[in-house]
Protein chains: 2
Amino acid sequence: MRSLTEKQKRVLDFLISFTEKNGFPPTVREIGEHFGFLWSAARTHLKALERKGVIRLNRARSRGIEIPGLRPAQALRVPVAGRIRAGNPVLALEEIGDQIVVDRSLFSTEGAFSLRIVGDSMVDAGILDGDYVIVRPQESLENGEIGVVLLGDEATVKRVFFEEGAVVLRPENRHMPIMKYPPDEVRMAGKVIGVIRKI
Amino acid sequence: MRSLTEKQKRVLDFLISFTEKNGFPPTVREIGEHFGFLWSAARTHLKALERKGVIRLNRARSRGIEIPGLRPAQALRVPVAGRIRAGNPVLALEEIGDQIVVDRSLFSTEGAFSLRIVGDSMVDAGILDGDYVIVRPQESLENGEIGVVLLGDEATVKRVFFEEGAVVLRPENRHMPIMKYPPDEVRMAGKVIGVIRKI
DNA sequence: AGTTTAGCTATACAAATGTATAGTAGTAAT
DNA sequence: ATTACTACTATACATTTGTATAGCTAAACT
C-alpha cells in the first residue's frame with residue numbers, strides 16, 4: 001500500500017474520530033463541511049483511501065464507510081445503581097439513574113455495575129466520597145477483598161474478612177470501627193474491580 | 001403518556017437492540033423488513049411512538065430516530081502518554097502506548113490525555129500507584145490544584161501552590177517532603193481532572 | 001516541456017431513506 | 001352505531017446521501 005498524503009491522513013483521522021464519537025461514519029457531505037470543501041472533493045479522498053486499502057466503501061447503504069483497523073466496541077456501558085435490592089436468586093439494581101462508559105480493556109466484565117460512594121469509610125484505600133466504584137457481581141469474596149455487601153437492603157462498600165462464625169467488615173479509615181456480623185445477616189453483592197473519580 | 005401497545009413495545013425493543021448492536025438506529029425499511037411489513041407501517045409505528053413521547057424523530061437526517069435515555073456512544077478516547085516532552089509552544093506526548101475509553105459525561109475535554117501513576121506520592125489524595133489520571137492540558141493552575149508538572153523532561157503529579165518567587169510542589173503523602181522550585185524551572189502540563197483505577 | 005497526481009469547484013444523476021396520503025380490516029371504547 | 005385507534009397495504013413524492021464526470025490549479029515527477 002502506498003503511503004497516505006498529509007491531507008488523506010487528516011481525512012482518515014476525522015473518519016476515525018467521528019465514528020468513535022458518534023458510533024457511525026460521516027456522510028461525504030459532512031466530511032466536506034468539516035474540512036470546508038465540497039462533497040465531491042471528500043468523495044475523491046474516500047476513493048483514494050479505498051484505493052490505498054485503509055477503508056472500504058460499502059455501496060448500497062448510506063454512511064457505508066468501513067474502517068478495518070478500527071476496533072468497534074471498545075466501550076462497555078455500566079449502569080449506575082441508586083439502590084440494590086437483595087432479590088432471589090439475583091440481585092435487583094434499582095433507581096438506575098445513569099450509565100457510564102468504561103474501557104473494555106480495563107473493565108471487561110459483562111454485567112458489571114457501578115455505585116456512587118457516599119462517605120469517607122474507604123479513604124485509606126483511595127476510595128473517596130463521590131467516587132464511582134465498578135463492581136463485578138458475585139456471590140462470594142476472597143478473604144481481604146474489597147466488596148459490595150448487603151446488610152438487609154443497605155449496600156455498603158467495605159474490605160471483607162471471614163472469621164469463624166462471623167463476617168468482618170473493615171472500613172479503610174482509622175477513625176471508623178470494624179463491624180462483625182453473623183454470616184446469615186450479610187450477603188455479598190460483588191467485588192469492587194475499579195474506581196473512577198471526577199475531580 | 002398513554003401506555004404502549006404490545007406491538008409498539010416490540011418495535012421499541014427492536015429500535016433499542018438494533019441501536020445498541022450497531023451504534024446507529026435502523027431505517028424505516030429495515031424496521032419493516034425485520035417485522036415483515038412495509039415501511040409505511042413502520043413509519044406509522046414510529047409516529048405513534050413519537051406521539052407517546054418515547055422517541056423523537058429527527059427530520060433532516062437519515063436514521064434520525066432518537067431514543068432519550070439511550071445515549072449514543074458517549075465514549076471519549078484518551079491517549080496514555082509514556083513521556084511528555086516540553087515542546088514549544090505545545091507539549092508533545094511521547095511513547096503513546098495505549099488508548100483508554102472514558103465517559104464523556106465525566107471527562108468531556110477534547111485533547112485530554114492520561115498518565116500512569118508511578119509511586120505513592122499522592123496516596124493521601126486517593127491517587128495510588130498504577131492509577132491512571134486523566135489530564136486536561138493547560139498552561140497554568142489555580143493555587144492548591146493537583147496538576148501535572150514538568151521538571152525538565154520529567155513529568156510528575158503533585159498538588160501545586162504558588163508562593164512569592166517559588167512554586168511549591170506538595171506530595172499528598174505524610175512521609176514525603178515538600179519541594180520548592182524557582183518558577184522558571186517548572187512548567188505546568190495540565191490539571192488532573194480524574195482518576196481511574198483497576199483493582 | 002510534458003505528464004501525472006493531489007486537491008479542489010461545479011454539476012448532474014442515482015440510490016437510499018424519510019414522509020405523506022388513501023384505503024382496508026379489526027378492535028376497543030362511548 | 002359511531003367514533004377512535006391499531007395495524008397494516010399500496011403508492012407517490014421529497015430529501016438525504018452516494019456516485020460520476022468535467023473541469024481548474026498547483027506541485028511533483030520524467
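Here the structure is a predicted model, which is why all the values come from computation and not from measurement. Reminder, nothing fancy here: chain letters follow the sequence lines and each chain counts from 1.
Using a cut-off of 4.0 Å between Lys/Arg side-chain N and Asp/Glu carboxylate O, A/E6 and A/K9 are scored as salt-bridged. For B/R187 and B/E139, the salt-bridge test passes: some basic side-chain N is under 4.0 Å from an acidic carboxylate O. Between B/K52 and B/E50, no side-chain nitrogen of the basic residue sits less than 4.0 Å from a carboxylate oxygen of the acidic one, so the salt-bridge criterion is not met. Ion pair B/E163/B/K180 flagged as a salt bridge, since at least one NZ, NE, NH1 or NH2 atom sits closer than 4.0 Å to an Asp/Glu carboxylate oxygen.
Across the helix from C/dA1-D/dT30 to C/dT30-D/dA1, the helix axis at one end is tilted relative to the axis at the other end by 20° (nearest 10 degrees, each axis from five pairs).
In this structure, CZ of A/R10 is placed 14 Å from C1' of C/dA6, rounded to the nearest angstrom. Straight-line distance from the CG atom of B/L49 to the C1' atom of D/dC5: 14 Å, rounded to whole Å. The distance from atom CD of B/Q8 to atom P of D/dC5 is 12 Å, rounded to the nearest whole Å.
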How does each nucleotide of nucleotides 8-20 of chain C score, in 5' to 3' order, for protein heavy atoms under 4.0 Å: base (B), sugar-phosphate only (S), or none (-)? SBBBB---SBBBB

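Not one N or O on the side chain of B/D131 forms a donor-acceptor pair closer than 3.5 Å with the backbone of B/V195.
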Stepwise ring pair (Phe, Tyr, Trp, His ring centres under 6.0 Å) test for B/H45 and B/F14: CA-CA 12 Å; B/H45 280 122; B/F14 174 67; over 10 Å; no

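With 3.5 Å as the limit, one finds no donor-acceptor pair spanning the side chains of A/T5 and A/K7.
Shortest non-hydrogen contact noted between B/I100 and A/D103 is CA-OD2, 2.9 Å.
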